There are 2 protein chains.
Amino acid sequence: MLPLKNLSIASIFSESQKAVDNLTHLALDRRVRLAVTGLSRSGKTAFITSLIHQLLHGLDGANLPFFSVVAENRFLGTKTMLQPNMEIPAFQYDQFVASLTGDKPEFPRATDGLSEIRLAIRFQPSSFISRQFAKTATLYLDIVDYPGEWLLDLPLLNLSFAEWSQQLMEFCKQEPRSALAAEWLEYLNGIDVNRSADEETMRTASQLFTSFLHECRAKNTGLSYLQPGRFIIPGDLKDAPILTFCPLAAGSNSPPKQSLYEVMEQRFESYKELVVKKFYYDHFSKFDRQIVLVDMQKALNHGAGSFSDMQGALQGILNSFSYGSSNLLARLFQPKIDKLLFVATKADHVAANQHPNLERLLNRMVVRPVNEAVFQGVEVKTLAISSVVCTQTVVRDHHGRRLSFVKGVPIGRSDEVMLFPGEIPESIPSLSDWEESRFNFLDFQPQTHASGGSIPHLRMDQAIEFLLGDKLL
Amino acid sequence: MLPLKNLSIASIFSESQKAVDNLTHLALDRRVRLAVTGLSRSGKTAFITSLIHQLLHGLDGANLPFFSVVAENRFLGTKTMLQPNMEIPAFQYDQFVASLTGDKPEFPRATDGLSEIRLAIRFQPSSFISRQFAKTATLYLDIVDYPGEWLLDLPLLNLSFAEWSQQLMEFCKQEPRSALAAEWLEYLNGIDVNRSADEETMRTASQLFTSFLHECRAKNTGLSYLQPGRFIIPGDLKDAPILTFCPLAAGSNSPPKQSLYEVMEQRFESYKELVVKKFYYDHFSKFDRQIVLVDMQKALNHGAGSFSDMQGALQGILNSFSYGSSNLLARLFQPKIDKLLFVATKADHVAANQHPNLERLLNRMVVRPVNEAVFQGVEVKTLAISSVVCTQTVVRDHHGRRLSFVKGVPIGRSDEVMLFPGEIPESIPSLSDWEESRFNFLDFQPQTHASGGSIPHLRMDQAIEFLLGDKLL
């Protein structure tokens, strides 16, 4: 509101015209840029495919009771649009949905790098005022898929090369990193970091470090907190100097000009400047909402080290969203993101009675700071969902106890099994829990379902409502 | 020179100081950015590897009589330097030379995309004046390796979408393109280009067109003039809208808004803007000298269509260097390139007495315009060389005639053979030459050579002298 003394007929008119414009805009044309990323092979491609599928089939049989625009019969349909950005690869929805809904359904192969797709959702505005301007409105939804590692690069902006090196060397003192890092660290031990830099030594050191990162990420290790992200998915930067460095323990003196230490430090700084900041300027700063997918069962399966690593990664991500005045990112620019959703995927891989614990455990891992005010305007939520339901929960008597079993076809097998996958702890497991190695959750294959019907899911509608509900009023 | 009236003691001093600075700079520190590209699997990686190897071994046994700095005993040695550009991948010389000079020598695998390496060549200046400032000087040589297709994108800048489409459709009326394009063109026939654009149709059309380009480039077809270059090596742009178009025959009327034709036309224009111009601004405009490698024998083997296609490609490249006032590129910026070398590689795959014809034939293919003045300041040369000699020429009597045979191990075989590979025509073959299918040249494997010795070559020293000689005076 303008101060009274500045009011004139012209300014009053201009102000009310602005209000009308805003409303018209509100009613006619809205845009949301929704970013989806995931940690540790969390089923990102399946999630996005199911999300698009549910929106496309919102009128004909999708089961979306919590998606209010559908529940209130204001949903008019969704269609895919032309790709919005010339240089961003298309998310290959057609291919992915074909592999999920074919005669022999399979999870689509994991995507690499960045991709996006644009949808247009037509709906009837709910409010009286909006409806004065238009009977129908459109929400343009851009879904952007990018690797979780790129989000985990964000904390690098707050670290010097020495600080980052020290942090990573500390991580490497503990298993499972300790064993995996042995070869790389042994090579570093044989090097004087103050000697004159040469490409061959730097290449060998960075190749060993990159192999270490790949092993950390491998299926049988399943670590999440991996930096720098571009080392794992290099794209066109493969073998470039900007990816040819690694953490180094500082030498005793300040490093001489053109020494290994100094040159690697320069490359680390260039990485921050040309890779990390570029991603944040070109992409991250334009996102409206962010989803982070997590495979909790996999983290539990892999044991204490992997689990606490995932917790560290989630915490690192959350810190990037706390816009305190000391946050480097906040000083660089103000991200637009106002909703942040953490999702535990593959909820159907445990019995239905375990879902509340899955959500509680994820909630405990995403420990928010005591002072919630640091998340100025960012709404944070956790949900346990299933993008594509692969199993049924069956309750049976077992040696006199009522137990909830899961029935489905585990990946890599051909026959259906009924098994008791165990219980999800509702809080962070204690050391003794791990020693008993009580977690052994399996992955299941998608099932064929009635043609024409939509992909069965769990709570996708709650996720959609949280992310889009307020934009469809 | 300043006009006389402006002269003062201070300005005279400043001018002569400038002259001294220029001379010092001349004597102490020079830079050359040498771009290497090739058509149709011409042995680019082997050429660059041998080039670096000869320079590194210029002091110990490399056979470089025509490289004047070596012949005049002014050469002091070469070493590899740190990579000059953070975001350009390193040319992996160590790996490539290891595969060429190992116990079982093999040609290094072809590289994809862009890479570079920096060498420092130490030498004694030859001129009296230079030597007053320094006894030794250094030439910093950046060798940049990039795909020939990127150079062939240059002519696109002078074409509209309609012109380019028409040109390509004309090409596709002739074999071998005609048969390879059949599936793609049949799909286009079923499409109304004036209908509303959708991603699925555009993706299918551009995938069929991309497959067509790959088949044109395949070993058994061996075409060279392939556009747009990024369709073949997409890198991070794979599946992006900017690579999701293809040539289209225009509809009867002017295309409606958002029609297939209009959207593909926009994408073609974006390709020119964001891919082609970007390459020229970021890279091409910074090159000092350019080498284009050609495998003449392969073009001859593949017959009339492939041969005239290569001639078209060479002509297209040459036109990019004719800086007439009508040239779009000349208006955009003035490239620095002052020497352009066309090289027929694998000269050793034919007998020594055929080398002059190889050079003459290449010379005939690179037909310069009558008025050489359009190449303002660009010196153009052709040479027949061998980066890595794989054979020996042996003269034998054969049914009473003295014939020159080639002795070596053809690729894919294990035993040495002696064969008469036939003659290279000294002018463009006539139609009857092709009908007799008289060209059947083979590729040979590199041989083990005495350890410590340098890689055997033919006329690499002449190539090096042309490209660098004047910078080492």
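Chain letters run A, B, ... following the sequence lines, proteins first and then strands; every chain starts at 1. Because the structure is a prediction, the values reported are computed rather than measured.
- The most heavy-atom pairs under 4.5 Å with chain A, out of B/Ile242, B/Asn85, B/Asp236, come from B/Asp236.
- Neither the backbone nor the side chain of A/Val275 comes within less than 4.5 Å of any heavy atom in chain B.
- The part of A/Gln258 that comes within reach of chain B is its side chain, from C-beta onward, which places non-hydrogen atoms under 4.5 angstrom from that chain.
- Proximity to chain B (any heavy atom under 4.5 Å) is shown, for A/Asp112, by neither the backbone nor the side chain.
- Of the residues considered (B/Met86, B/Gln92, B/Glu116, B/Gln83), B/Met86 shows the highest number of contacts with chain A, using heavy-atom pairs under 4.5 Å.
- Pairs passing the side-chain hydrogen bond (donor to acceptor under 3.5 Å, both in side chains) check and including a residue from residues 199-209 of chain A, sequence neighbours excluded, read A/Arg195-A/Thr201, A/Asp198-A/Thr201, A/Glu199-A/Arg267, A/Arg203-B/Asp94.
- For the 3.5 Å distance criterion, the side chains of A/Thr111 and A/Asp145 qualify, holding a donor opposite an acceptor.
- A donor-acceptor contact closer than 3.5 angstrom links the side chains of B/Tyr271 and B/Asp153.
- With sequence neighbours left out, the side-chain contact (heavy atoms from CB on, under 4.5 Å) criterion links A/Val193 to A/Leu248, A/Tyr261.
- Ring centroid separation for the pair A/Phe245 and A/Phe209 does not come in under the 6.0 Å cut-off.
- Residue contact with chain B, scored on non-hydrogen atoms closer than 4.5 Å, involves the side chain of A/Met202 exclusively.
- Taking the six-membered ring wherever Trp is involved, the centroid distance between the rings of A/Phe107 and A/Phe96 does not fall below 6.0 Å.
- A/Leu82 touches chain B through backbone and side chain together, each having a heavy atom under 4.5 Å away.
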